[in-house]
Every structure is written in structure tokens, then in C-alpha cells.
Colleague: 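Can you keep this structure in mind? I'll have questions shortly.
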Amino acid sequence: MKSFLRKLGKFLLFVVTFLAICATIIIAWNWGNRLYDDYKLGKYLKSLPEDPTISTDMMVELHGDEKIGKDKMTIKEKVEAGLNPYKLDTSGNGISDWDAIHTYKTDPKKFSTADDGISDLAKIKEGLDPTKPIKKKDIENFTIENEELAVAIHTNDLNVKYHTFIEPYDHAELNAIYEPVRQPVQFFNFKGEVQLSLPEDVKNKERLKAYYFDFNNEDFVEIKKQHIKGNTIYATINDSFPVYILDPDTYERIEKYYYFRVSGFHFSRIVSGYDHKVFIFKRSWRDSDQFVEDKYEHEEYGITELSIGKIGPISAKFLDGVFALLDKIFKPLDNVDGTLKDVLLDYGTVMGTPEYVKKYAMPWLFDEEFNQEEVYSAKVIDTGFLSNQHAFRFGNMLTPLGDGGICAGIVRVIERIFNQEEIEKQLSYKPETLKSWLREYLLGAGYKSLSYDLEPQIDKYPFLEDRYLYSYRFTDEEIKHIGVKKFVDDIIIDPSSISDPDSTLVKMLETQWIYANEFINYKTKPYDSANISILDEVEEALANGNIVYASLHKESGGHAVNVYKMEYDKFDPDLIRLYVYDSNFPYGRLKEEQKRELFMNIYKRKKTTTEGVEEYFEFDYTPFARQRKNYSYNNVEQNHEIRFFLNDQALKGE
């Protein structure tokens with residue numbers, strides 16, 4: 001027996017050692033493969049061209065003596081002073097750069113000139129010298145109250161007094177599922193203890209807890225430091241996520257459910273005795289054959305039979321597959337009212353308590369207290385643009401004149417053709433203005449030779465009529481592999497060295513590139529591009545089925561992309577995603593990165609200024625977060641700018 005146990009022990013030790021070695025090899029291989037993929041992506045991103053004609057440097061040369069919006073300083077003055085030329089207030093403390101320099105003698109680059117953490121604006125509002133530091137212990141405590149939201153902050157931090165915003169957070173779906181005992185609230189620009197009063201009629205107050213709703217993970221997180229005293233919960237927060245007060249009993253009953261409805265109406269009543277059959281399955285650790293049965297009668301909708309049961313992981317996986325298959329079947333009917341899916345069946349998953357799930361799956365029985373159509377969801381405005389249909393197979397390219405890429409020409413052509421706007425069949429670029437001459441002089445390029453004529457071979461460019469640019473493929477032996485087998489090339493495509501129809505097409509894109517920069521980037525004078533009402537114009541354009549031209553400016557180079565879809569975040573009311581086509585990532589190249597779409601984040605912001613509260617937006621276009629340093633356009637960390645155009649007209653907002 002002992003001999004057997006020793007052998008068994010040795011065998012088990014061998015098995016465990018073998019499995020450990022295999023696991024180590026697999027982990028090391030995955031880690032090494034990930035590092036190699038990151039290296040390849042980083043190398044690709046570093047090699048991407050940047051158009052020097054779309055840049056802050058060029059903006060200074062062409063519009064250096066002009067002022068943007070309410071700014072009293074010229075673009076050139078701001079750049080020479082190391083300030084953000086696109087922002088009235090570089091430091092973000094609420095004092096304009098002009099006032100910081102000329103009125104208050106403070107540092108326009110610093111939030112706190114005295115480096116004591118207290119903003120210059122707060123000190124000025126308090127009648128203090130913003131250039132002299134003060135000690136926090138010397139500031140008396142004060143209270144900030146919002147009686148309407150029943151919250152209060154006790155602090156001696158002057159920044160809170162002038163920079164903190166307290167706002168209600170209202171999300172119908174979360175409220176219906178989690179049943180908060182009071183209005184959820186968000187605290188912007190504040191970290192510390194807050195007081196949240198409880199309604200007088202709330203029961204079991206001692207059991208209530210404060211939670212964050214984490215937008216990133218889409219889940220609730222219990223706030224670590226909190227206590228209840230009397231009719232108030234005191235919670236220490238360190239983020240702007242909305243704060244909820246929940247009953248843990250309700251929170252612990254929230255589960256994932258699957259539901260499925262089949263409606264046969266009078267036919268099924270004759271056969272089975274009911275009009276609607278609804279199944280609700282709770283996700284559990286194993287399947288159960290036991291069901292809770294119930295039956296409901298409704299004057300208009302007839303008899304509904306309900307069965308509630310439990311399913312395990314395998315059955316849940318099976319239902320996920322079935323629902324995904326049904327989604328594919330019914331996708332073509334998404335915009336058609338009264339389809340088979342709407343009338344005869346419904347299915348899906350939902351988080352909530354058992355009571356909530358019943359209301360969700362059978363809304364007609366609870367129409368007075370629950371309306372499924374009013375459940376909050378992200379608003380999406382989609383033009384239907386597809387990169388493997390409405391964009392060229394190839395991407396951004398270098399030409400003799402466009403040595404930084406001709407993205408602007410590609411973007412303008414895609415925009416006008418998709419928007420069914422006339423694209424110039426013939427175009428010659430002739431510099432006529434001082435700005436055009438200056439650009440030619442600065443870049444040393446012979447733009448007078450830029451021209452094209454599509455008419456002689458118009459039948460070679462069917463995309464002008466059918467809008468399917470992706471169907472065009474290069475035929476010249478020198479470049480026919482581009483966009484098919486290869487998406488990155490360091491060669492310069494010279495239209496004079498390739499045959500038609502490719503030669504004329506490249507000439508067209510090259511000419512459109514400089515034409516776009518002339519009439520979009522330079523003819524349009526600088527304006528306040530962070531005006532929040534611009535977002536309304538972008539939404540309106542997309543809702544009308546038009547894609548939008550977006551111009552991204554960096555210091556010495558920039559880029560242009562097409563915006564084709566707008567999505568409001570499901571939970572964060574201040575986050576919007578703009579989906580873009582980037583010619584640096586044509587369909588085939590994007591597919592290699594296993595990405596379907598690229599998007600930029602738009603953050604709605606507001607701040608207190610010397611003139612009141614200002615609303616604006618920030619943007620961050622970083623399609624590959626792990627490679628942020630290699631490819632990013634944003635005005636969150638950098639002094640970059642984004643401007644939107646629709647058919648050559650700037651969207652400036654109100």
C-alpha cells in the first residue's frame with residue numbers, strides 16, 4: 001500500500017510539474033507575442049505621415065495676427081508665450097490668459113501661480129493676492145449646500161467653493177432596477193467627505209449604503225469610507241461617478257436573467273389556453289427542472305402564462321448563441337414596425353430584481369408603472385457609412401507634393417461622394433491669394449502644376465455615381481499591391497510615373513488635398529472650436545445622413561478624418577463617441593489589428609470663469625490606447641485642435 005501511495009505521489013508530482021511548466025510556457029508565449037504585436041503596432045504608428053499643412057505652425061504663419069473668439073491675444077502672441085492658441089484660458093483656472101498677464105499679473109500657464117494648490121480665480125474672488133501663497137489651516141471652514149439635491153459639503157478648500165459642481169444624475173433604467181432611496185448626485189472637481197440627507201419616510205436607515213456607479217465597469221462599487229448619523233449618510237468620495245444610496249437587500253437581489261416570449265394570440269389560446277407564453281430564466285450554478293408558474297389576464301392583451309426557472313452556465317451559453325442567431329435573422333427588420341419579432345416573439349437578457357424582470361418582459365401588464373420604451377439607452381446617430389464600401393481600399397499616401405500625406409484630399413473626396421455632393425470633374429489649383437503664395441513659399445512646392453481631368457476616363461471611376469469607392473483597385477504594376485497585400489508603404493507615389501486610370505486618380509487626390517487645405521483649413525478664419533453647440537451641428541449633419549470632415553491640428557503636423565457616427569454613452573451623460581474613418585487605417589489594415597471601428601471621445605465640460613460658468617468640450621482621439629505616445633490627437637493633455645466641416649462649410653456653433 002505504501003509503495004502504491006509513493007508511486008501515486010510521484011505521478012501526481014510529475015503531472016503537476018508538467019502542467020506548471022506548460023502553463024509557464026503558454027503565459028510566456030502570450031506575453032512575448034503581445035510585446036511583439038505592440039512593437040509592430042508602435043513601429044507602424046511612428047511611420048504614419050503627418051500633414052505639415054494642417055498644423056499650428058502653419059496656422060501661425062497664415063493667421064498669426066488674428067484672434068480667436070473673445071481672446072484679446074493674437075494666435076502668434078499666444079504661441080510665442082508658450083500658451084495654447086486655441087484656448088482663451090490655457091491653465092483652465094477660469095482666468096483668461098490676457099487677464100492673467102495684464103490684469104492680475106499671474107502666470108497664465110499655472111492653475112495656482114503661488115503653487116499652494118488654490119486657484120488664482122478662487123483667491124481673486126476672495127479678495128486675496130493670487131501671487132502670494134496661503135496656508136490651508138488659516139482658511140476658516142465653510143459649508144456648500146444644495147437644498148434641492150439635499151447634499152452638503154463642509155470644507156475649508158476655496159477651490160471647492162468656486163470650481164466644484166453638484167448635479168443630479170438621472171438614469172431611468174438604473175433607477176428602475178436598483179431603486180435608490182434618494183436622488184443620485186454627481187460631484188465634479190471634488191474629493192472628500194460629502195453629506196447626503198435621507199428622506200424622512202425611508203425604512204431601515206441603518207442598513208443603507210452609499211455606492212459609486214462606475215461608468216468604466218458599468219457596475220456599482222461600495223464607497224469604502226462612509227457612516228450614517230441621524231438622517232444623513234457621510235461618504236468620502238474621490239471621483240465624479242454618480243453617488244447612489246441603495247438598500248443592500250435590494251442590491252444583493254440583482255441578478256442576470258434571460259427572457260423569451262412567444263405570442264400566438266387566439267390561435268395559441270385555442271391550442272394551449274393562453275395568448276402569450278413567457279419564460280424567465282435566472283442565471284444559476286446549474287439547471288433546475290422546477291418552475292414557478294403564474295398566469296395573468298389583461299383586457300386587451302389576453303392571457304399570459306409565465307414560467308420562471310433556473311439555468312446553468314452551459315444552458316446560458318446556449319441561449320446566448322440562440323439570441324445572437326436571432327439578432328442576425330431579424331437585423332434587416334430593425335427599422336420596420338410591426339415585424340414578426342415585435343408581434344410574435346421577444347427575447348433578451350436583463351439585469352434586475354425578479355419584480356423588475358417581470359415588468360421588463362411583460363410591459364403591457366405594468367403600463368401604468370413601467371414603460372419599456374422609456375428605458376434609457378445610448379442614442380446613436382449612424383449614417384450607414386462602411387469603410388469596406390464607402391472608402392478607398394488603399395489609404396493615405398505620399399506623393400511628390402504631399403510629402404506628409406494627402407489625407408485631406410482623401411477625406412474631402414470621401415465626404416463629398418458619400419454626401420452626394422458634386423465632386424469637381426476638372427480642377428486646377430492656381431494660387432491667387434497672399435496666403436496661398438505664402439504657403440507655396442514656405443513649403444517650397446510647385447502647386448501651380450496641380451490639376452486633373454476625370455472626363456476622358458470617367459467610366460473608369462464608377463464610384464462617382466454608385467458611391468462604392470472600395471471597389472476601385474489600382475491596376476498599374478508599380479502600385480497594384482497597395483490596399484490588397486500591403487497597407488504601409490514608404491514609397492512616394494508619383495502620378496507622372498504610373499499609368500491611367502491610376503495616374504489621374506492620384507492627381508485628383510493630390511489636387512483635392514491642397515484644395516481642401518485652401519478652402520477648409522485656411523480660408524476659414526480661426527474660431528472657438530470648443531464651442532459646445534458645435535456638437536449639435538455635428539449631430540444634425542449626421543442625422544441628415546451626411547458624414548463630416550474633421551481636421552486635427554498639432555504643432556508641426558496634423559491629420560484629417562471622416563466622422564460618420566455619433567454615440568452618446570449609455571451611462572455617462574458627458575461622454576460622446578464620434579466614430580471616424582481614418583485613411584491611415586484603411587479597412588484591410590484595421591482588420592489586421594482586429595478592430596472594427598475607430599472612435600474619438602468627446603467630453604462635455606464646464607468651469608467657473610470671471611464672467612460666469614462656461615460650457616465647452618474636449619476631444620481625445622487615441623485609437624490605440626496602449627500606443628498613446630505614438631498616435632494621439634487631443635486637447636486633454638496636448639495643445640491640439642479639432643475643427644468640423646460639412647461640405648466645405650465650418651461648423652462653428654451658435
Colleague: Within the 4.5 Å heavy-atom criterion, are Asn601 and Phe619 side-chain neighbours or not?
Modeller: no
Colleague: Do the non-hydrogen side-chain atoms of Phe644 and Leu578 ever get within less than 4.5 Å of each other?
Modeller: yes
Colleague: Strictly by modelled atom types, are Thr164 and Asn189 linked by a side-chain donor-acceptor pair under 3.5 Å?
Modeller: no
Colleague: Measure from the ring center of Tyr564 to the ring center of Phe385 and say whether it is less than 6.0 Å.
Modeller: yes
Colleague: Going through the checks in order, is the side-chain hydrogen bond (donor to acceptor under 3.5 Å, both in side chains) test met by Ser96 and Asp99?
Modeller: CA-CA 5 Å; Ser96 73; Asp99 282 334; 3.3 Å; yes
Colleague: Has Ile314 got more than 12 heavy atoms of other residues, nucleotides or ligands less than 6.0 Å from its CD1?
Modeller: no
Colleague: Tell me yes or no: between the side chains of Thr113 and Asp107, is some donor less than 3.5 Å from an acceptor?
Modeller: no
Colleague: Is it the case that Arg643 and Ser529 place a side-chain donor and acceptor less than 3.5 Å from each other?
Modeller: no
Colleague: Run the salt-bridge test on Asp115 and Lys110 with the 4.0 Å N-O cut-off and return the result as yes or no.
Modeller: yes
Colleague: Begin with the C-alpha distance, continue with both residues' side-chain angles, and end with the deciding distance and a verdict on side-chain hydrogen bond (donor to acceptor under 3.5 Å, both in side chains) for Tyr603 and Asn635.
Modeller: CA-CA 10 Å; Tyr603 305 102; Asn635 64 355; over 6 Å; no
Colleague: Quick one about Asn231 and Lys205 (side-chain donor to acceptor, distance below 3.5 Å, no hydrogens or angles considered), yes or no?
Modeller: yes
Colleague: Under 3.5 Å, is there a donor on one side chain and an acceptor on the other for Gln627 and Asn630?
Modeller: yes
Colleague: Do other residues, nucleotides or ligands put more than 12 heavy atoms under 6.0 Å from the CD atom of Glu297?
Modeller: no
Colleague: Report yes if the side chains of Ile576 and Glu539 come closer than 4.5 Å at any heavy-atom pair, otherwise no.
Modeller: no
Colleague: Let me see the working for Lys565 and Leu542 under side chain to side chain contact (heavy atoms under 4.5 Å, CB included), right down to the final yes or no.
Modeller: CA-CA 7 Å; Lys565 183 167 67 175; Leu542 298 175; 5.8 Å; no
Colleague: Between the side chains of Tyr581 and Glu597, does any donor sit under 3.5 Å from an acceptor?
Modeller: no
Colleague: Is it the case that the side chains of Asp157 and Thr155 hold a donor-acceptor pair, with the cut-off being a distance below 3.5 Å and no angle test?
Modeller: no
Colleague: Less than 4.5 Å apart, side chain to side chain, heavy atoms only: is that true for Asn204 and Glu206?
Modeller: yes
Colleague: Can a donor-acceptor pair be found between the side chains of His298 and Thr304 at a distance below 3.5 Å?
Modeller: no
Colleague: Does the side chain of Glu140 come within less than 4.5 Å of Asn156's, by heavy atoms?
Modeller: no
Colleague: Salt bridge or not for Lys604 and Glu618, using N-O below 4.0 Å?
Modeller: no
Colleague: Considering residues, nucleotides and ligands other than Phe318, do more than 12 of their heavy atoms fall under 6.0 Å from its CZ?
Modeller: no
Colleague: For Ile223, is there any backbone N or O sitting under 3.5 Å from a side-chain donor or acceptor partner on Gln226?
Modeller: yes
Colleague: Test Glu145 against Val151 for side chain to side chain contact (heavy atoms under 4.5 Å, CB included), laying out the working first.
Modeller: CA-CA 6 Å; Glu145 286 187 278; Val151 297; over 6 Å; no
Colleague: Are the charged groups of Lys123 and Asp116 less than 4.0 angstrom apart, N to O?
Modeller: yes
Colleague: Could you check if a side-chain atom of Lys191 sits within less than 4.5 angstrom of a side-chain atom of Ile237, using non-hydrogen atoms only?
Modeller: no
Colleague: Applying side-chain hydrogen bond (donor to acceptor under 3.5 Å, both in side chains) to Glu193 and His154, what does each step give before you reach the verdict?
Modeller: CA-CA 8 Å; Glu193 187 178 77; His154 297 290; over 6 Å; no
Colleague: Side chains of Glu305 and His276: is there a donor and an acceptor less than 3.5 Å apart?
Modeller: no
Colleague: Considering only heavy atoms from C-beta outward, does the side chain of Asn159 approach that of Phe190 to under 4.5 Å?
Modeller: no
Colleague: Determine, for Tyr568 and Lys379, whether the Lys NZ or Arg CZ falls below 6.0 Å from the six-membered ring centre while staying within 45 degrees of the axis.
Modeller: yes
Colleague: Hey, could you give me each pair passing ring pair (Phe, Tyr, Trp, His ring centres under 6.0 Å) that has a residue in residues 205-225? Not counting sequence neighbours.
Modeller: Tyr169-Phe215, Tyr178-Phe220, Tyr211-Tyr251, Phe213-Phe220, Phe213-Phe571, Phe215-Phe241, Phe220-Tyr244
Colleague: Ring centres of Tyr257 and Phe281 under 6.0 Å apart?
Modeller: no
Colleague: Enumerate the residue pairs fulfilling side chain to side chain donor-acceptor pair (under 3.5 Å) with a member in residues 606-616, sequence neighbours excluded, ordered by first and then second residue.
Modeller: Asp89-Lys607, Glu167-Lys606
Colleague: Can you find a side-chain donor-acceptor pair between Ser307 and Lys277 that sits under 3.5 Å?
Modeller: yes
Colleague: Parallel, tilted or perpendicular for Tyr631 and Tyr633, by the 30°/60° rule?
Modeller: perpendicular
Colleague: My understanding is that only residues two or more places apart in sequence, or in another chain, count here; which of them pass side-chain hydrogen bond (donor to acceptor under 3.5 Å, both in side chains) with His640?
Modeller: none
Colleague: Is it true that, when you exclude Lys310 itself, more than 12 heavy atoms of the residues, nucleotides or ligands shown sit nearer than 6.0 Å to its NZ?
Modeller: no
Colleague: Can a side-chain donor-acceptor contact be found between Ser263 and Arg261 if the only test is distance below 3.5 angstrom?
Modeller: yes
Colleague: Decide yes or no on side-chain hydrogen bond (donor to acceptor under 3.5 Å, both in side chains) for Glu567 and Tyr579, but give the supporting numbers first.
Modeller: CA-CA 8 Å; Glu567 176 185 65; Tyr579 289 80; 3.0 Å; yes
Colleague: Looking at side-chain heavy atoms only, is the closest gap between Ser315 and Asp287 below 4.5 Å?
Modeller: yes
